[in-house]
Amino acid sequence: MMRVVEVEKPGGPEVLQLVERPRPVAGPGEVVVRVAAAGVNRPDVQQRRGLYPPPPGATEILGLDIAGIVEQIGENVTGVAVGDAVCALTNGGGYAEFCAVPAVQCMPLPRGLNFVEAASLPEVFFTAWNNLIWLARLGEGETLLIQGGTSGVGLAGIQIARQLRNATVYVTAGSEDKRKVCTDIGAEAAVDYRGAWDEEIRKLTDGEGVDVILDAQAGPYTQRQLDLLKFDGRLVFIASHLGETAEVNIRSLVRRRLTMTGSTLRPRPPAYKGRLAAELVRDVWPLIEDGRITTRIHAILPFADVAEAHRILDANQQIGKVVLAVDAALASEIPSSPRRERIAAC
């Protein structure tokens, strides 16, 4: 048996309960990881509230990114061995002492990081890479606006854009402290989203606007963002917190050759996520190891304090990632020799 977090019913953090369930078994193409640490993400909060059901076939247990030790491997798994230290994007199930995950979604820990730090990486870096590099096609030297710069995805996106595309990055954030964090890690400027943020960005770009916008708000922001885009600009949604619908000027969109798209990563098949994992290990992991890209941990909480972890996200005051130390004895350890070449090739 193992301890897992169960959502008793849709509601607030108080509905999260620690219960015992049987350990998972590795199916074909899967590994079972003994979880040292698990990231806490906005989709977990939405699922807890009953607003984001897991895709068909996925476990209802919360948790989309983990770090730990491979405990068991299933059939047709290559490149990963029992005992390997890995972090992984899961399809759910991270809030548990053991988690089954497709092997191709496993990555070695960047050298020098402990399990807590590694657990903060997968969901936000997968999301940022998928949306900025693959969907938005962010090009060398382009300009980017990220709505919500101190979200996990926002912090990852700022650094990916600056370090790998030499982009000029603007962000929105709700406090002076948050805006300073964004500029400290590479944003050109940060503005208050509660004001006339679009006019501020327009002034900062000498009226030109930006090439790409990454947004989780939608609703009334949508047309304002389209108006901020240059010709051939791209607007990518990763959520719709301010509203599921919007009225947009299609004639302007057509005339200015704009692209408006969005994505959800969780229902994607393992092969898709495996390609993302391989690119992150190839292009981002070396920058983490030499300090040019960093992860920011807002809070580390014991597994039993999962409700408090969700209260932090509900308050929306965090800067960086909240992580659960599922195995307190292992969470702060730094593995000595992650087997990168073998895992990256799986």
Side-chain angles (χ1 to χ4, degrees), residues 1-7 19-39 41 43-44 47 52-110 115 118-119 121-127 129-130 134 263-282 284-285 326-327 330 335 337-346:
M1 301 293 287
M2 65 173 182
R3 292 185 303 160
V4 309
V5 174
E6 182 177 79
V7 180
V19 301
E20 287 200 345
R21 288 194 183 177
R23 293 185 187 182
V25 175
E30 291 184 335
V31 300
V32 170
V33 177
R34 176 160 62 94
V35 179
N41 297 289
D44 301 336
Q47 186 176 331
Y52 181 49
T59 176
E60 78 280 8
I61 299 171
L62 304 179
L64 297 177
D65 46 9
I66 60 170
I69 303 291
V70 175
E71 185 88 359
Q72 180 189 40
I73 61 173
E75 295 179 6
N76 305 320
V77 169
T78 59
V80 183
V82 170
D84 282 349
V86 298
C87 57
L89 182 74
T90 76
N91 301 330
Y95 290 14
E97 291 178 313
F98 295 86
C99 180
V101 60
V104 294
Q105 294 168 212
C106 293
M107 302 171 290
L109 271 63
F115 287 103
L121 301 175
E123 198 272 344
V124 296
F125 277 92
F126 269 79
T127 301
W129 192 268
N130 181 55
W134 284 14
S263 73
T264 54
L265 190 53
R266 193 174 181 187
R268 288 284 196 175
Y272 184 95
K273 298 173 190 175
R275 292 194 297 273
L276 281 169
E279 291 192 11
L280 288 173
V281 172
R282 182 192 70 199
V284 175
W285 264 219
V326 178
D327 184 334
L330 187 60
S337 56
R339 294 168 225 178
R340 158 158 315 132
E341 294 77 12
R342 181 160 51 73
I343 294 174
C346 71

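Computed from a predicted structure; not experimentally measured. For this chain, numbers begin at 1 and follow the sequence in order.
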To the nearest 0.5 angstrom, please state how far the CZ atom of Phe98 sits from the CZ atom of Arg23. 3.5 Å
Any donor-acceptor pair under 3.5 Å linking the side chain of Glu6 with the backbone of Glu60? no
Taking salt bridge (charged side-chain N to carboxylate O under 4.0 Å, His left out) as the cut-off, I'd like each qualifying pair that reaches into residues 88-99, sequence neighbours left out, listed once. Arg3-Glu97
Pro110 to Leu121 - nearest heavy-atom pair and separation: CG-CD1, 3.8 Å
Identify the two heavy atoms, one from Ala103 and one from Val80, that lie closest to each other, and give their separation to 0.1 Å. O-CG2, 4.3 Å
Which residues pass the side-chain hydrogen bond (donor to acceptor under 3.5 Å, both in side chains) test with Asn41, not counting sequence neighbours? Asp65, Lys321
Strictly distance-based, threshold 3.5 Å: is any side-chain N or O of Trp134 a donor or acceptor partner for the main-chain N or O of Leu276? no
Exactly one of Thr90, Asn91, Asn130 clears side chain to side chain donor-acceptor pair (under 3.5 Å) with Lys273, and that residue is Asn91
Could you please spell out the steps behind the side chain to side chain contact (heavy atoms under 4.5 Å, CB included) verdict for Asp327 and Arg34? CA-CA 9 Å; Asp327 184 334; Arg34 176 160 62 94; 3.2 Å; yes
Working to the nearest 0.5 angstrom, can you tell me the gap between Met2 CE and Ile61 CD1? 5.0 Å
Side chain to side chain contact (heavy atoms under 4.5 Å, CB included) evaluation trace for Met107 with Phe126: CA-CA 11 Å; Met107 302 171 290; Phe126 269 79; 3.4 Å; yes
For residues Ala118 and Ala67, report the shortest heavy-atom separation together with the two atoms involved. CB-CB, 3.9 Å
Picking from Val35, Val7, Val5, Val326, what satisfies side chain to side chain contact (heavy atoms under 4.5 Å, CB included) with Tyr95? Val5
Between Leu280 and Trp285, does the side chain to side chain contact (heavy atoms under 4.5 Å, CB included) criterion hold? Intermediate values first, please. CA-CA 6 Å; Leu280 288 173; Trp285 264 219; 4.0 Å; yes
Closest non-hydrogen atom pair between Pro28 and Asn76, with its separation: CB-ND2, 4.4 Å
The criterion is ring-ring contact (aromatic ring centres under 6.0 Å, His included); which residues satisfy it with Tyr52, sequence neighbours excluded? none
Between Gln105 and Leu89 (side chain of the first, backbone of the second, donor and acceptor by atom type, cut-off under 3.5 Å), is there such a pair? yes
Any side-chain to backbone donor/acceptor pair from Glu30 onto Ala100? Under 3.5 Å, distance only. no
Taking C-beta and beyond as the side chain, do Pro53 and Gln47 meet within less than 4.5 Å on heavy atoms? no
On a heavy-atom basis, which atom in Ala26 and which in Ile73 lie closest, and how many Å separate them? CB-C, 3.9 Å
Minimum heavy-atom distance between Gln72 and Pro24, given as atom pair plus value: OE1-O, 4.2 Å
